[in-house]
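Notes to accompany the following structure.
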2 protein chains.
Amino acid sequence: MVERKDPSALSAILKAASDPTRRQILTLLAQNGPLKVTDIARRFDQSLNAVSKHIKTLEGAGLVSRLTEWREHLIEVQMAPLSEIDTWFAELRSIWALRLDALDAALKEDNDDK
Amino acid sequence: MVERKDPSALSAILKAASDPTRRQILTLLAQNGPLKVTDIARRFDQSLNAVSKHIKTLEGAGLVSRLTEWREHLIEVQMAPLSEIDTWFAELRSIWALRLDALDAALKEDNDDK
DNA sequence: CTTTCGTTCAACCATATGGGTGAATAACAC
DNA sequence: GTGTTATTCACCCATATGGTTGAACGAAAG
């Protein structure tokens, strides 16, 4: 049996990644390394508050981590959780491939029966 | 220049995949091959209507296709769009790796300057 | 002591989302 | 014709979401 991880974790990751602003934040962090909330917000056409909330969402999904050095919060991208998407995808694809294999086998056997 | 695809397409794919029920539908279709809407709905603890709407969402994201043979609609999983997630992920990771490389290079140069 | 700084918290608003029920549709079986 | 089947459409509802503005906090600087 494959170790079934909490599906809500994957849901949170996918949902967090489904917002364009949040994906841009991840890209920005990947490019620049850790940044302060204010510095991130400066790049966007939204209020600081809106960006702060996006960061909280990303944090909740584990896609960024926060290093709080008193009032300055350093936000850093975390690539690890993203690989859960990969895992899910690979799993789905293998289920799919398995069925096709079984189908092939069945057809072949059917042919032998003729 | 990398061909920049419509980011809203990726958003739709991620959002569609972020719902547990919809992921289960995809898994079901990957296992069983094309199914009728009714047969899909039978597996879930939701109204036929709710499942129908989920399927429409998946269809909108291109994750399933529909073969309408009069009143019976055959729903089939489409793996292709999912690879856009892979692409995005790979791109983000490469941006990230690039920064680390540059960081390494800078440190090395700094050392040479000493 | 007052101001500034970086950030979150608390409301609030409009819209989206996931769910439900009931009707409409059009072919097919009786 | 009447009923059954498979599916969507049109509403309705509660809650989530993305955005706004304004207040609060607590250290540091003037």
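Chain letters run A, B, ... following the sequence lines, proteins first, then strands; residues in each count from 1. As a basis for the values below, the full set of heavy atoms in this structure was taken, side chains included, without hydrogen atoms, waters or symmetry mates. The model shown is predicted, which means the values in this text are computed figures rather than measured ones.
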Let me know the distance between [atom1] of [X] and [atom2] of [N], rounded to the nearest Å.
X	N	atom1	atom2	result
B:Phe44	C:dG20	CZ	P	13 Å
B:Glu69	D:dA6	CD	P	14 Å
A:Arg71	C:dC5	CZ	C1'	4 Å
A:Leu14	D:dA16	CG	P	19 Å
B:Asp19	D:dT17	CG	P	12 Å
B:Leu58	C:dG18	CG	P	10 Å
B:His54	C:dA16	NE2	P	18 Å
A:Ile55	D:dT17	CD1	P	18 Å

Please examine the side chains of [Y] and [X], heavy atoms only from C-beta on, and report whether any two atoms are closer than 4.5 Å.
X	Y	answer
B:Val64	B:Glu76	no
B:His54	B:Arg22	yes
A:Gln31	B:Leu92	no

- Want to settle it: does A:Val51 or B:Glu72 sit nearer the 5' end of DNA chain D, counting the closest nucleotide to each? B:Glu72

- Message: Heavy atoms from C-beta onward define the side chain here; which of C:dT17, C:dA26, D:dT20 lies closest to that of B:Trp70?
- Response: C:dA26

- Message: So if I take every side-chain heavy atom of B:Lys36 and compare against C:dG19, D:dG18, D:dA6, which nucleotide ends up nearest?
- Response: D:dA6

- Query: Is the closest side-chain donor-acceptor distance between A:Gln46 and A:Thr21 under 3.5 Å?
  - Reply: yes

- Query: Any side-chain donor-acceptor pair under 3.5 Å between B:Arg23 and A:Ser11?
  - Reply: yes

- Message: Suppose we call a contact any N or O donor and acceptor under 3.5 Å apart; does that hold for the side chain of A:Asp45 and the base of D:dG19?
- Response: no

- Hey, does the side-chain of B:Asn49 have a donor or acceptor N/O within less than 3.5 Å of a partner on the base of C:dT21? yes

- Task: Give one of base, sugar-phosphate or nothing for B:Ala50, where a contact means two heavy atoms less than 4.0 Å apart.
- Result: sugar-phosphate

- Describe the nucleic acid contact of A:Lys53 in one word from base, sugar-phosphate, nothing, applying a heavy-atom distance below 4.0 Å. base

- Message: Please determine whether a side-chain nitrogen or oxygen atom of B:Ser47 lies at a distance below 4.0 Å from atom OP1 or OP2 of C:dG19.
- Response: no

- Query: Does A:Lys56 have a side-chain nitrogen or oxygen under 4.0 Å from the phosphate oxygens OP1 or OP2 of C:dC9?
  - Reply: yes

